[in-house]
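Structure first, commentary second.
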Amino acid sequence: MEKITALKLSEFKRQGRKITALTAYDAPFARLMERAGVDVILVGDSVGMAVHGRPDTLSVTMEEMVIHARAVAGAVKTPLVVVDMPFMSFQVSKEKAVENAGRLIKETGAQAVKLEGGDKYSATIRAIVDAGIPVMGHVGLTPQSVHQLGGYKVQGKQSESARKVLSDAHAVEKAGAFSVVIEAVPADLGAAVTQSLKIPTIGIGAGPDCDGQILVLHDLLGLSDGPHPRFVKMYANFAEQAVEAFKSYRDEVQSGAFPAQENTYGARGEGALRVVGKKKE
Ligand code: KIV
């Protein structure tokens, strides 16, 4: 399969071919996504909530992003791997943002970074792009601003806030981003932004007319606790399957059914004794 690049996503938009994106935080799931033909794997800062069980994404560190992104990028060849810039890794100054974006690329092998925010961060996006690093924008509901937004609320419902989402998306495009995530906005706004941009939009709760869609892995597999936002669709119920598997294991250990003969090394014979003997030497 041909490598998906940042440039290729624009080609997909021109062809009207929808882009599929998912978050992943480790090698096994990244590999499965590659096998399934997912185009973009985002190592999102949602790792803080999905994997580390925290209440929000604000405490996620650069070190954590490096560890998870290295696992993902090292595991796949075809999908485009994008890493989120965590809270306070790009907000302080352009210089610090370029340094941190560079670190994410150099230390992980990912091919692009994502950062939250529109107009306010256009100079920062430009600086990172000028350093040769592809940037994905993120507008609408930006979870790193949860306290400023007063919660995880749908954005762009009123005309002034809809205009802000649209102008943020345009600022991100003008600054040189190769695509933009639009989160939690009414479907007609998602469609309007998508139509008015040249770069592809990746929606999460932004309606069916975006150029692509993204979901958080743990939501899609039914591994995250509810209540879920309306945009989440559970494609499997791994939590139930996992609990059933854990219960069967517990029951079999307690009854002695596990380990069975096929899970057990042969009776102590010559071979086993030789191993024991070797250890003693
Ligand atoms: O961190 C994340 O997973 C994200 C997606 C929800 C787009 O930003």
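Note that ligands are numbered from 1 as they come in the structure, with each ligand's atoms numbered from 1 the same way. The structure displayed is predicted, hence computed values, not measured ones. Values below: all heavy atoms of this structure, side chains included; hydrogens, waters and symmetry mates excluded.
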Subject >> ring pair (Phe, Tyr, Trp, His ring centres under 6.0 Å) against His218, all qualifying residues, sequence neighbours excluded >> reply: Tyr25
**OP:** Look at Arg17 together with Asp39 and state whether they make a salt bridge at an N to O cut-off of under 4.0 Å.
**Re:** yes
Subject >> Presence of salt bridge, Asp251 and Lys247, under 4.0 angstrom >> reply: no
**OP:** Grab the two heavy atoms, one from Gly48 and one from Val60, that are nearest each other, plus how far apart they are.
**Re:** CA-CG2, 3.6 Å
Original post:
Should Thr23 be counted as touching ligand 1, given the test is an N or O pair under 3.5 Å?
Top reply: no
Original post:
Hey, which atoms in ligand 1 end up nearer than 4.0 Å to a heavy atom of Ile204?
Top reply: 6 (C)
**OP:** Below 4.0 angstrom from a heavy atom of Asp84, which ligand 1 atoms are there? Numbered from 1 as shown, please.
**Re:** 1 (O), 2 (C), 8 (O)
Original post:
Considering only heavy atoms, does Thr57 approach ligand 1 within less than 4.0 Å through its side chain, its backbone, both, or neither?
Top reply: neither
Original post:
Going by distance alone, is a donor N or O of one side chain under 3.5 Å from an acceptor N or O of the other, for Asp211 and Thr194?
Top reply: no
**OP:** Give the residue, atom name and distance (to 0.1 Å) of the protein heavy atom nearest atom 4 (C) of ligand 1.
**Re:** Leu42 CD2, 3.6 Å
**OP:** Inspect the contact between Glu99 and Lys106 and indicate whether a charged nitrogen and a carboxylate oxygen are less than 4.0 angstrom apart.
**Re:** no
**OP:** Please say whether Asp45 places an N or O atom under 3.5 Å from an N or O atom belonging to ligand 1.
**Re:** yes
Original post:
Would one find an N or O of Ser46, backbone or side chain, under 3.5 Å from an N or O of ligand 1?
Top reply: yes
Subject >> Residue portion contacting ligand 1 (non-hydrogen atoms closer than 4.0 Å) for Ile202 >> reply: neither
**OP:** Using atom types as modelled and distance alone, determine if a side-chain donor or acceptor of Lys114 lies under 3.5 Å from a backbone N or O of Val43.
**Re:** no
Original post:
For ligand 1, which atoms sit closer than 4.0 Å to a heavy atom of His138?
Top reply: 8 (O)
**OP:** Nearest heavy atom to atom 8 (O) of ligand 1 wins, so pick from Lys114, Met136, His218, Met49.
**Re:** Lys114
Original post:
Does the N or O separation between Glu183 and ligand 1 drop below 3.5 Å for any pair?
Top reply: no
Original post:
Which word best sums up how the rings of His52 and His68 line up, parallel for under 30°, tilted for 30 to 60°, or perpendicular for over 60°?
Top reply: perpendicular
Original post:
What atoms in ligand 1 come closer than 4.0 Å to a heavy atom of Gly44?
Top reply: 1 (O), 2 (C), 3 (O)
